[in-house]
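Numbers restart at 1 for each chain; the letters A, B, ... are given by sequence-line order, proteins then strands.
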Number of protein chains: 2
Amino acid sequence: MLSKKTKYGLKALTFIARRIDNKPVPIATIAKSENISRKFLESILLTLRKSGFLGSKKGKGGGYYLLKEPKEINMSSVMRILEGPIALVSCVSLNFYEKCEDCPDEKTCAVYNLMIEVRDSTLNIFNNKSLSDLI
Amino acid sequence: MLSKKTKYGLKALTFIARRIDNKPVPIATIAKSENISRKFLESILLTLRKSGFLGSKKGKGGGYYLLKEPKEINMSSVMRILEGPIALVSCVSLNFYEKCEDCPDEKTCAVYNLMIEVRDSTLNIFNNKSLSDLI
DNA sequence: TACTTAATCTATCGGATTAATAGATTAATT
DNA sequence: AATTAATCTATTAATCCGATAGATTAAGTA
């Protein structure tokens, strides 16, 4: 299941992307319009800024704005920043690989191949979707 | 990410399915062979029994055995019992549907359609996989 | 019958993670 | 100077996960 962080993050990104002028959008505006706890959203937007998706401007007329074209913002990268691994088990993760403690050998693991398949099909969707597709 | 419960459950099911004679397998045997906490596995097998996948026999020579052919044990149903919803958000879940509190309208939700797509592709895999494919 | 094996049931617990909150600070605009 | 709005640091509340403990019930075996 998707965390609220990810869900809110995606909603906020699309909200910001919908502004054609790309003028800064204040946190409060997004929070109110999308029914998100203002403070929680604050921390989410901060991570999106630190990851290079968003820029920010303080003071009056400030807020968050996109640093790239919506078309250039890939869903895989957003999901990885907000949610973490796309794979269902870390031993099949491309970007967050980790060996399973309990599993002596991945090649003989029954779960492994199934999860590879799921990962690939999900990745296939996220890789071919950008923020512009969510608008 | 998959819970350990699900991962262990899948491993245990394949372990049991590998016994061609389908004689009861004691919890302890599975736990030792698959490096799973015995007590934790106990509760997992209990839910698999209550869901109709496994039968059990007490006493000497007892243990858990499959109630159906591995070919008849569908991955979607196993996943739903062990992990819960296959969908990433409950508002796109077929079996565990729940309305999002924050979302006023699913039709205008940007996340919705993306998650529908992910659900369908994952479901497509699980629906066409059975326990026999894991062995 | 007594003993052993093994599942069953109830309950609890620590730790990690998630979601949310609070308050003080910094920066920009008017 | 006043206002607006992001930033930073810390804390809290709630939930969930993985694991554990102990007593009980059932079945086979000597």
Side-chain angles (χ1 to χ4, degrees), chain A residues 1-12 16 23-51 53-67 81-85 88-90 96 98 100-102, chain B residues 1-12 16 23-51 53-67 81-85 88-90 96 98 100-102:
Chain A
M1 289 260 120
L2 223 58
S3 66
K4 292 204 174 182
K5 181 181 173 187
T6 305
K7 195 172 137 199
Y8 292 166
L10 288 174
K11 283 188 170 193
I16 297 171
K23 278 210 184 118
V25 188
I27 298 177
T29 309
I30 309 172
K32 195 180 281 178
S33 169
E34 299 289 331
N35 291 308
I36 305 171
S37 144
R38 196 226 125 106
K39 277 288 186 181
F40 190 30
L41 181 58
E42 197 181 298
S43 70
I44 297 169
L45 294 179
L46 216 52
T47 57
L48 286 172
R49 199 209 53 157
K50 284 176 182 165
S51 327
F53 295 110
L54 296 176
S56 67
K57 213 187 145 200
K58 288 186 178 179
K60 192 162 191 180
Y64 284 93
Y65 52 91
L66 291 183
L67 284 180
I81 291 296
L82 291 172
E83 188 71 14
L88 289 178
V89 277
S90 46
F96 300 82
E98 232 174 286
C100 295
E101 305 151 28
D102 55 300
Chain B
M1 289 264 120
L2 223 58
S3 66
K4 291 204 174 181
K5 182 182 173 186
T6 304
K7 194 173 139 199
Y8 292 166
L10 288 174
K11 283 190 169 192
I16 297 171
K23 276 207 185 125
V25 188
I27 299 177
T29 309
I30 309 172
K32 193 180 286 179
S33 170
E34 300 288 331
N35 292 309
I36 305 171
S37 142
R38 197 225 125 106
K39 277 288 188 180
F40 189 31
L41 181 58
E42 197 180 299
S43 70
I44 297 169
L45 293 179
L46 214 53
T47 56
L48 285 172
R49 200 210 53 158
K50 283 175 180 166
S51 329
F53 295 109
L54 296 176
S56 67
K57 217 186 142 199
K58 288 184 178 182
K60 192 163 192 180
Y64 285 94
Y65 53 91
L66 291 182
L67 284 180
I81 292 295
L82 292 172
E83 188 71 14
L88 289 179
V89 278
S90 46
F96 298 83
E98 230 174 288
C100 296
E101 304 151 28
D102 55 300

Visitor: To the closest 0.5 Å, what do you measure between CG (Leu2(A)) and CG (Leu88(B))?
Guide: 5.5 Å
Visitor: Closest heavy-atom contact between Ile81(B) and Phe53(B)?
Guide: CG1-CE1, 3.6 Å
Visitor: For nucleotides 9-16 of chain C, give me one character per nucleotide, 5' to 3': B if any protein heavy atom sits under 4.0 Å from the base, S if the only such contacts are to the sugar-phosphate, - if neither.
Guide: B-------
Visitor: How close or far is atom C1' of dA7(C) from atom CD1 of Ile44(B), stated in whole angstroms?
Guide: 15 Å
Visitor: Among side-chain atoms of Ser90(A) and Glu98(A), is any donor-acceptor pair under 3.5 angstrom?
Guide: no
Visitor: Mark yes or no for whether Glu83(A), through its side chain, and Ser3(A), through its backbone, hold a donor-acceptor pair below 3.5 Å.
Guide: yes
Visitor: For Tyr65(A) and dA28(C), give me the distance from atom OH to atom P, rounded to whole Å.
Guide: 11 Å
Visitor: Between protein and nucleotides 28-30 of chain D, what N or O pairs are separated by less than 3.5 Å?
Guide:
residue : atom : partner  : partner atom : Å
dG28(D) : OP1  : Lys57(B) : NZ           : 3.1

Visitor: Below the 4.0 Å mark, does dA5(D) have OP1 or OP2 next to a side-chain nitrogen or oxygen of Ser56(A)?
Guide: no
Visitor: Rounded off to whole Å, could you give me the CD-to-P distance for the Glu83(B) and dC17(D) pair?
Guide: 8 Å
Visitor: Nearest whole Å is fine: how far is dA20(C) C1' from Ile27(A) CD1?
Guide: 14 Å
Visitor: Which side-chain N or O atoms in residues 24-48 of chain B pair as donor and acceptor under 3.5 Å with protein atoms at least two apart or in another chain?
Guide:
residue  : atom : partner   : partner atom : Å
Asn35(B) : ND2  : Asp102(A) : O            : 3.0
Ser37(B) : OG   : Phe40(B)  : N            : 3.2
Ser43(B) : OG   : Phe40(B)  : O            : 2.8
Thr47(B) : OG1  : Ile44(B)  : O            : 2.6

Visitor: Please enumerate all residues that pass side-chain hydrogen bond (donor to acceptor under 3.5 Å, both in side chains) together with Ser56(A), with sequence neighbours excluded.
Guide: none
Visitor: Check the phosphate of dA19(D) against Ser43(B), side-chain N and O only, distance under 4.0 Å to OP1 or OP2. Yes or no?
Guide: no
Visitor: Tell me, please, which residues at least two apart from Ser51(A) pass side-chain hydrogen bond (donor to acceptor under 3.5 Å, both in side chains).
Guide: none
Visitor: Could you state the CD1-P distance from Ile36(A) to dA20(C), rounded to the nearest angstrom?
Guide: 9 Å
Visitor: Let's see if you get this right: which residues in residues 1-8 of chain B place a heavy atom under 4.0 Å from DNA chain C?
Guide: none
Visitor: Just to confirm, is there a sub-4.0 Å distance from OP1 or OP2 of dA21(D) to any side-chain nitrogen or oxygen of Arg38(B)?
Guide: no
Visitor: State, with a plain yes or no, whether a side-chain heavy atom of Tyr65(B) is found less than 4.5 Å away from one of Leu67(B).
Guide: yes
Visitor: Quickly work out the Leu45(B) CG to dG18(D) P distance and round it to whole Å.
Guide: 15 Å
Visitor: Between atom CG in Leu82(B) and atom C1' in dC17(D), what is the gap in whole Å?
Guide: 14 Å
